[in-house]
A.B. asks: 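I'd like to ask some things about the structure below.
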Amino acid sequence: MIKLEKITKIYKNSEIETIALKNIDLEIKEREFVAIMGPSGSGKSTLMHIIGCLDKPTSGKYYLQNQDVSKLSDDELAEIRKNKIGFVFQAFNLLPRMKVIEQVELPLVYSGIGYKERRERAIKALRDSGFPEKFWEYYPNQLSGGMQQRVAIARALVNDPLIILADEPTGNLDTKTGEIVLDTFQRLNFEFGKTIVVVTHEEYVAKHAERIILIKDGELIDDYKVKDRIIINHNYHTLK
Amino acid sequence: MKIYDLFKEALRSVLSNKLRSGLTILGIIIGISAVISMLSIGEGAKRQLAQSIESLGSNILTVFPGIIQPGRGIVSAGRGTAQSLKMKDVEAIKKIDGVKAVSPEIIRRFQIISSAGKNTNSSVLGVMPEYLEVRNSKIQSGRFFQEGDIKGISRNAVLGPTVAQDLFGEEDPIGKTIRINKVSFKVIGVLEPKGSVGFMNPDEVVLIPLTTMQKILTGSEYLSQIAVQAQSSDLVEPLKEEITKVLIKEHRVSPDNPDFSVIASQEFLNTFNALINTMTIFLASIAAISLLVGGIGIMNMMLTSVTERTKEIGLRKAIGAKNKEILLQFLIESLVLTLIGGLLGIILGILISIVVSKFANITSQVSIFSIILAFGFSSAVGIIFGYWPAKKAANLDPITALRYE
């Protein structure tokens with residue numbers, strides 16, 4: 001589903017050129033749970049931005065569902081982000097003035113979907129991500145970090161995207177709440193067959209995925225199946 | 001993104017910082033209400049003037065000695081200095097077709113003393129019996145001059161109501177004696193009040209027979225002006241040309257350099273309207289500057305808002321908002337601010353013009369034009385001053401925006 005061919009990204013800052021990514025070849029299949037791992041400054045975030053269509057590669061080709069998206073315009077990329085990609089960020093990125101239910105509805109607003117359908121789909125996304133109903137009318141600052149991140153997951157889920165991209169989703173959380181978030185990802189992967197890509201620098205977090213892609217200095221240095229994978233809840237009904 | 005959702009978002013963000021939005025809106029309110037009230041006062045002044053001229057009679061032409069050009073400088077320039085009009089001109093004008101009545105007049109200012117010892121300084125007009133008809137005046141009490149007064153050079157006077165009040169108060173002035181420039185006159189009548197017409201007050205006059213003015217008070221036969229009443233207002237323009245032709249012949253002067261001017265009352269109106277328009281535009285421009293300042297306030301607030309919400313813009317882009325949608329969202333936000341300000345400003349402007357006309361004795365007239373103008377102006381301010389911040393927001397790079405702290 002995702003296929004990167006010789007993806008290179010170079011940032012030009014006045015005279016200095018920084019090579020963020022060098023000839024990355026990568027394939028991610030549907031329903032995979034992948035972790036992109038690497039130390040800070042390795043280029044893993046850049047890779048995630050390119051996969052998430054937030055950024056364009058300097059050279060190379062990126063096929064998303066067999067469509068070459070590496071040369072698309074800003075508006076075309078926005079269209080792809082809207083329909084096919086769900087983002088989860090380290091800092092949650094919730095809007096302070098909106099209630100939980102409205103946060104989740106927001107992507108649908110840009111799809112031009114009417115109020116009633118929006119509400120229905122937001123409720124479904126909140127239920128699917130296991131977010132307790134009594135907090136639906138709360139504002140973000142009334143919620144704990146773990147809760148806020150689960151709102152963000154529901155928001156990423158509401159457009160029924162092909163992939164959910166999570167950039168250090170547990171970075172701002174303690175281990176215990178971090179596990180709740182990772183459990184939510186595993187459940188979405190097992191029960192709903194969502195493709196999930198988590199970017200992290202922690203091996204412990206990466207071990208919740210089934211496959212790890214190791215990035216260092218902008219190069220892909222390893223790509224392997226996780227042998228001792230951590231599965232938080234074994235009761236999920238697996239679609240695979 | 002639906003229009004409804006755009007407005008909802010805009011309103012949400014305007015309401016999220018009530019104090020800041022309120023202060024910004026206040027800037028627009030002040031600007032719009034100033035423009036509205038200035039335009040209203042200008043409009044009111046024009047209406048008032050038009051009514052005054054109407055009451056003088058729209059079918060009146062006035063012949064002045066010397067050259068007067070309405071619409072260029074002061075109307076009374078040269079008045080009284082040139083001496084070219086005589087009674088034989090009046091006779092010549094009376095013979096022109098379309099002339100209903102002619103009122104020759106001599107105007108001087110004199111000190112007037114009543115028998116009771118009160119005094120006032122007032123215009124004294126030497127007039128003929130035609131004065132009443134031509135000047136659209138009426139007698140309130142007593143009688144007006146008759147042919148006998150003219151022929152007999154009688155020392156009778158008719159008082160304007162203001163002068164009658166000044167000299168005699170509540171007493172009946174009929175039959176009393178006044179002294180004009182040390183000459184005694186008997187009061188035979190009082191005029192009905194007419195109200196000021198802006199440049200001359202027909203209530204503040206003393207009328208005496210023209211012949212008495214010529215022979216006793218001034219010793220000169222030259223006239224100050226000749227008021228000509230046309231049979232209908234359509235005839236004013238042709239009569240103006242005809243009178244000019246006749247008088248050029250009478251005076252034996254070159255048509256390029258006449259020693260008199262013929263001015264229709266409509267021309268006075270135009271002259272004064274031009275003057276009022278200039279004043280109104282001047283005042284409204286000053287008011288518009290405050291609107292401009294209000295607009296800068298909007299831009300300032302929107303720029304702050306864009307900076308504060310950089311992260312939000314990044315997120316909106318990440319979940320699929322196009323640049324155009326971000327632009328529209330911020331543009332509508334500033335439009336909502338100015339429209340609220342515009343609406344409140346119009347209401348305040350109307351209130352100000354009502355208060356001004358109630359307490360400051362200035363007529364004001366709120367016109368639909370000024371409301372449409374103000375509304376259009378405030379939306380334009382919203383769009384123009386909101387565009388740059390909105391464009392700035394729309395052009396943000398999503399990754400940089402997401403990382404912004």
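A, B, ... follow the sequence lines: proteins, then strands. Residue 1 opens every chain. The basis for the numbers below is simple: all heavy atoms, side chains too, and nothing from hydrogens, waters or symmetry mates.
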A.B. asks: Under 4.5 Å heavy-atom distance to chain A, tell me which part of Asn323(B) shows up: side chain, backbone, both or neither.
C.D. replies: both
A.B. asks: Let me confirm one number: the CG-CG distance from Asp397(B) to Leu54(A), rounded to the nearest 0.5 Å.
C.D. replies: 8.5 Å
A.B. asks: With a sphere of 6.0 Å drawn around CZ of Phe377(B), does it hold more than 12 non-hydrogen atoms of other residues, nucleotides or ligands?
C.D. replies: no
A.B. asks: Chain B heavy atoms under 4.5 Å from Glu102(A): which part of the residue, side chain, backbone, both or neither?
C.D. replies: side chain
A.B. asks: Any Lys/Arg nitrogen of Arg97(A) or Glu9(B) sitting under 4.0 Å from an Asp/Glu carboxylate oxygen of the other?
C.D. replies: no
A.B. asks: With side-chain contact (heavy atoms from CB on, under 4.5 Å) as the test, would you mind laying out the steps for Phe89(A) and Leu315(B) before giving the verdict?
C.D. replies: CA-CA 9 Å; Phe89(A) 300 99; Leu315(B) 175 90; 3.8 Å; yes
A.B. asks: Does atom CG (Asn141(A)) have a neighbourhood of more than 12 heavy atoms from anything else shown, all under 6.0 Å?
C.D. replies: yes
A.B. asks: Could you give the distance from CZ (Phe87(A)) to NZ (Lys317(B)), rounded to the nearest 0.5 Å?
C.D. replies: 13.0 Å
A.B. asks: Tell me if the CG atom of Asp217(A) is crowded by more than 12 foreign heavy atoms within 6.0 Å.
C.D. replies: no
A.B. asks: Going by an N to O cut-off under 4.0 Å, is there a salt bridge joining Arg403(B) and Asp167(A)?
C.D. replies: no
A.B. asks: Dump the intermediate steps for salt bridge (Lys or Arg N to Asp or Glu O under 4.0 Å) on Lys324(B) and Asp74(A), then the final yes or no.
C.D. replies: CA-CA 11 Å; Lys324(B) 199 185 78 193; Asp74(A) 285 357; over 6 Å; no
A.B. asks: Quick one: pull up CD1 in Ile319(B) and OG in Ser111(A) and give me the separation to the nearest 0.5 Å.
C.D. replies: 8.5 Å
A.B. asks: Tell me, with the steps shown, if Ile399(B) and Thr46(A) meet side-chain contact (heavy atoms from CB on, under 4.5 Å).
C.D. replies: CA-CA 9 Å; Ile399(B) 299 166; Thr46(A) 307; over 6 Å; no
A.B. asks: Heavy atom to heavy atom, less than 4.5 Å: which residues from residues 278-285 of chain B reach chain A?
C.D. replies: none
A.B. asks: How close do Ala78(A) and Ala321(B) get, heavy atom to heavy atom, and via which atoms?
C.D. replies: CB-O, 3.9 Å
A.B. asks: Taking everything shown except Trp388(B) itself, do over 12 heavy atoms lie less than 6.0 Å from its CH2?
C.D. replies: no
A.B. asks: Any chance CZ of Arg47(B) has more than 12 other-residue heavy atoms, nucleotides or ligands included, within less than 6.0 Å?
C.D. replies: no
A.B. asks: Sequence neighbours excluded, which residues qualify as ring pair (Phe, Tyr, Trp, His ring centres under 6.0 Å) partners of Phe92(A)?
C.D. replies: none
A.B. asks: Quick check on the interface: out of Ala156(A), Pro161(A), Gly112(A), Gly52(A), who has the most heavy-atom pairs with chain B under 4.5 Å?
C.D. replies: Gly112(A)
A.B. asks: At a 4.5 Å cut-off on heavy atoms, which part of Glu312(B) comes close to chain A: side chain, backbone, both, or neither?
C.D. replies: both
A.B. asks: Is it the case that over 12 heavy atoms from other parts of the model lie below 6.0 angstrom from the OH atom of Tyr11(A)?
C.D. replies: yes
A.B. asks: Can you tell me which of Ser13(B), Pro398(B), Ser16(B) forms the most heavy-atom pairs within a distance under 4.5 Å of chain A?
C.D. replies: Ser16(B)
A.B. asks: Any chance you could measure Leu95(A), atom CG, to Arg316(B), atom CZ, to the nearest 0.5 Å?
C.D. replies: 5.5 Å
A.B. asks: Considering all heavy atoms of both residues, which atom of Lys311(B) and which atom of Ala91(A) are nearest to each other, and what is their separation?
C.D. replies: NZ-CB, 3.9 Å
A.B. asks: Could you tell me which portion of Ile80(A) (side chain, backbone, both or neither) has an atom closer than 4.5 angstrom to a non-hydrogen atom of chain B?
C.D. replies: neither
A.B. asks: Answer yes or no: are there more than 12 heavy-atom neighbours, outside Asp174(A) itself, under 6.0 Å from its atom CG?
C.D. replies: yes
A.B. asks: Please determine whether side-chain contact (heavy atoms from CB on, under 4.5 Å) holds for the pair Arg118(A) and Asp5(B), giving the CA-CA distance in whole Å, both sets of side-chain angles, and the decisive distance to 0.1 Å.
C.D. replies: CA-CA 12 Å; Arg118(A) 252 165 30 201; Asp5(B) 288 313; 2.9 Å; yes
A.B. asks: Using a strict threshold of under 4.0 Å (side-chain N to carboxylate O), is an ion pair present between Lys322(B) and Glu76(A)?
C.D. replies: no
A.B. asks: I'd like to know whether NZ of Lys116(A) has more than 12 heavy-atom contacts from other residues, nucleotides or ligands below 6.0 angstrom.
C.D. replies: no
A.B. asks: Any side-chain heavy-atom pair from Glu325(B) and Val109(A) closer than 4.5 angstrom?
C.D. replies: no
